[in-house]
Amino acid sequence: MLDMKRIRENPDAIREGIKARGQPADLVDELVAFDRDRRTLLTEVERLKNERNTVSLEIGARKKQGEDTSAAQAAMRQLGSRIAALDARVRDLDEQLQAKIIVIPNMPHSSAPVGPGESANVTVRSWGAPREFEFEPKGHTELGEALGILDLARASKMSGAGFPLFVGLGARLERALINFMLDLHVREHDYIEVWPPVLCHSPSMTGTGQLPKLATDMYRLADEDLWLIPTAEVPVTNYFRDEIIEQPLPIYLTAYSVCFRKEAGAAGRETRGIIRVHQFDKVEMVKFVEPGTSCDELESLTRNAEDVLQRLGLVYRVRMLGAGDLSFAAAKCYDLELWAPGKKAWLEVSSCSNFEDFQARRAGIRFRDKKGKVRFVHTLNGSGVALPRLVVAILENGQQADGSVTLPPAIVPYMGGIDRIAPAGGLIR
RNA sequence: GGAAGGGUGGCGGAGCGGUCUAUCGCGCCGGUCUUGAAAACCGGAGUCCCGCAAGGGACCGGGGGUUCGAAUCCCUCCCCUUCCGCCA
């Protein structure tokens with residue numbers, strides 16, 4: 001959420017920012033008009049309340065003297081109904097204002113390139129060289145099913161299309177990767193581990209910016225105000241919702257969680273395999289930092305995510321998103337994309353974003369600066385990293401001519417010493 | 001799911017119709033003293049909104065009501081704690 005004062009004082013800059021995202025900016029003018037009306041009414045009703053407070057106090061004093069105050073009481077009763085009417089109008093304007101301001105996206109950071117959609121995205125660096133294959137590399141679905149570690153047919157029997165089912169060493173690989181990533185962030189990157197709820201209510205979803213815009217992309221329980229989280233960003237960022245953080249910043253939190261997404265707008269895209277699924281595992285990193293430091297913190301957050309990929313020896317590139325491709329709440333974002341040689345495509349496994357004070361304002365997350373003044377923190381988060389696509393890259397990169405898959409050395413200790421998955425036929429341990 | 005008790009400033013905790021301008025304690029900030037710190041003493045400070053300012057208004061879990069006037073009385077919803085039931 002943007003500061004209303006900022007919109008009031010720089011409407012042109014706000015309009016520019018929204019247009020850079022490729023969205024219509026007419027809401028800004030409505031907002032400015034509503035805000036002006038609200039302040040006029042507010043000034044008026046506050047004047048009347050001051051009068052009521054003063055006179056009511058006098059009435060009390062005069063009654064003690066035994067005076068007749070019925071005339072004054074009648075006048076105040078009338079004033080009271082005027083106040084009630086004005087209060088109702090102010091509240092109405094407040095609600096409309098809130099409904100409008102909550103759907104205005106964050107302003108793109110000045111360093112984010114401008115251009116429609118994905119057109120302005122740029123590769124800022126890349127790591128590793130794609131492996132040369134002496135045979136035609138297979139896709140992860142074929143590999144996984146042949147190895148008996150991925151069973152999409154049975155998954156759909158349980159839950160319908162779009163759900164992963166890992167079996168045997170596939171399930172173990174999933175668990176090993178989660179542990180590997182959490183250990184890395186906790187032991188070497190100074191994050192504190194959190195194991196959060198995967199159902200969150202509307203205030204939390206609004207706090208991080210999933211609501212109201214993404215309501216149709218999320219699963220919701222039928223009888224309660226609870227949603228299945230699309231990312232651990234939601235519960236972990238809301239850790240400090242409506243709080244003034246009393247401990248020193250920055251604070252780094254990391255969490256594994258399962259994530260749920262309807263992918264409603266993605267019908268027909270990536271339907272085969274586990275590249276786009278309704279449920280997936282992810283390790284998330286979240287930062288709460290002082291405003292002046294958030295740019296640098298985004299760089300180190302991104303390096304933390306890259307570290308996962310480098311230790312696994314996977315080829316990747318870092319893309320800086322243009323304004324047109326930024327998510328609703330982000331001011332700046334780097335995507336990490338893994339090379340998948342079977343699919344011959346780059347797969348997004350992490351989005352590292354700086355939200356500046358946009359989420360903090362919605363969620364009421366504040367701190368005291370050096371002068372003791374209460375201010376909004378800046379929040380950041382990034383995947384560190386998302387699992388299904390990571391598994392895709394590991395399978396496709398590690399595949400051998402005989403159909404087996406060699407695992408990255410870094411994960412072998414987490415696999416109990418197993419460094420290779422070979423086809424065995426049937427259910428195997 | 002049932003019963004009881006609670007939600008007050010960063011924390012603890014008073015207040016139960018009008019000097020509430022929300023007592024007090026802890027913690028916090030500044031100062032005195034000290035080589036430095038602690039202690040002691042003195043002083044300061046809740047959050048949000050409107051206003052150039054002076055100042056004004058709102059906020060005692062949320063919403064509604066009663067009243068000239070509500071932290072205080074009434075209704076309602078939410079949350080927390082304890083006990084019972086069920087349960088991984």
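Bear in mind the structure is a predicted one, so any value in this text is a computation, not a measurement. Proteins come first, then strands; the chains are lettered A, B, ... in the order of their sequence lines, and each starts at number 1.
- Take the nearest nucleotide of RNA chain B for A/Thr43 and for A/Arg91: the residue whose nucleotide is more 5' is A/Thr43.
- Of the side-chain N and O atoms in A/Arg47, none sit less than 4.0 angstrom from OP1 or OP2 of B/A58.
- A gap of 36 Å separates the C1' atoms of B/G85 and B/C16, to the nearest Å.
- We find that CG of A/Asp87 is positioned 14 Å from C1' of B/C50, with the value rounded to whole Å.
- Using atom P as the reference point in both B/G63 and B/G31, the two lie 41 Å apart (nearest Å).
- Taking atom P in both B/G61 and B/G2, one finds a spacing of 25 Å when rounded to whole Å.
- Comparing B/U67 with B/G62, their P atoms sit 23 Å apart, to the nearest whole Å.
- Put simply, the residue from A/Tyr252, A/Phe376, A/Phe240 that forms a ring pair (Phe, Tyr, Trp, His ring centres under 6.0 Å) with A/Phe288 is A/Phe240.
- Remark: A/Tyr239 OH is loosely packed, at most 12 non-hydrogen atoms of other residues, nucleotides or ligands lying under 6.0 Å away.
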Determine, for nucleotides 7-12 of chain B in 5'-to-3' order, which nucleotides have protein heavy atoms under 4.0 Å from the base (write B), from only the sugar-phosphate (write S), or from neither (write -).
---S--
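- B/C68 and B/G17 have their C1' atoms separated by 12 Å, given to the nearest Å.
- Residues A/Glu356 and A/Met107 are not in side-chain contact: their nearest non-hydrogen atoms beyond the backbone lie 4.5 Å or more apart.
- For RNA chain B, the stems formed by at least three consecutive Watson-Crick or G-U pairs, with both atom-pair distances below 3.5 Å, span B:1-7 with B:78-84, B:10-12 with B:24-26, B:28-32 with B:40-44, B:46-50 with B:55-59, B:61-65 with B:73-77.
- For the residue pair A/Thr379/A/Gln359, the side-chain donor-acceptor check at 3.5 Å is satisfied.
- Going from atom CE of A/Met4 over to atom C1' of B/G51 covers 17 Å, rounded to whole Å.
- Between the P atom of B/C50 and the CG atom of A/Leu48 lies a distance of 19 Å, rounded to the nearest Å.
- In this structure, A/Arg8 reaches the sugar-phosphate backbone alone: every heavy-atom distance under 4.0 Å involves primed, P, OP1 or OP2 atoms, never a base.
- Across all non-hydrogen atoms, the minimal contact from A/Pro423 to A/Ala146 is CB-O, 4.0 Å.
- One finds the CZ atom of A/Phe280 at 7.5 Å from the CD atom of A/Glu263 (value rounded to the nearest 0.5 Å).
- With distances taken from any side-chain atom of A/Glu46 to the nucleotides B/G64, B/U47, B/G56, the minimum falls on B/G56.
- Here, B/C20 and B/A58 have their C1' atoms 15 Å apart, quoted to the whole Å.
- Taking atom C1' on both nucleotides, B/C87 is separated from B/U76 by 31 Å, rounded to a whole Å.
- Note: CG (A/Asn50) to P (B/A58) measures 9 Å, nearest angstrom.
- For A/Asp242 and B/G46, the CG to P distance is 20 Å, given to the nearest whole Å.
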If a protein heavy atom is under 4.0 Å from the base, mark B; if only from the sugar-phosphate, S; if neither, -; do that for nucleotides 68-78 of chain B going 5' to 3'.
BS---------
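- Residue A/Arg39 places none of its side-chain N or O atoms closer than 4.0 Å to OP1 or OP2 of B/C49.
- A/Gly403 and A/Leu147 make their closest contact through O-CD2, 3.5 Å (heavy atoms, listed as atom of the first residue, atom of the second, distance).
- With rounding to whole Å, A/Glu95 atom CD is found 16 Å from B/G62 atom P.
- Side-chain atoms of A/His189 and A/Asp307 include a donor-acceptor pair closer than 3.5 Å.
- Side-chain contact check for A/Tyr256 and A/Glu193: no donor-acceptor pair (N or O, by modelled atom type) lies under 3.5 Å.
- Residue A/Arg62 is out of contact with every strand shown, counting any heavy-atom pair closer than 4.0 Å.
- The backbone N or O of A/Asn53 lies less than 3.5 Å from no partner atom in the side chain of A/Ser56, so there is not a single donor-acceptor pair.
- A/Leu86 has its CG atom 20 Å from the P atom of B/G56, to the nearest Å.
- With A/His140 contributing its side chain and A/Ile274 its backbone, the two residues share a donor-acceptor pair below 3.5 Å.
- Annotation: B/G1 and B/C60 have their C1' atoms spaced 32 Å apart (nearest Å).
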Apply the test salt bridge (charged side-chain N to carboxylate O under 4.0 Å, His left out) to residues A/Arg154 and A/Asp151: give CA-CA distance (whole Å), side-chain angles for both, the deciding distance (0.1 Å), then the verdict.
CA-CA 6 Å; A/Arg154 286 199 173 88; A/Asp151 193 341; 2.8 Å; yes
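- Using a 3.5 Å distance cut-off with no hydrogens or angles, the side chains of A/Ser294 and A/His378 do pair a donor with an acceptor.
- Counting to the nearest Å, the C1' atom of B/A58 and the CZ atom of A/Arg38 are 11 Å from each other.
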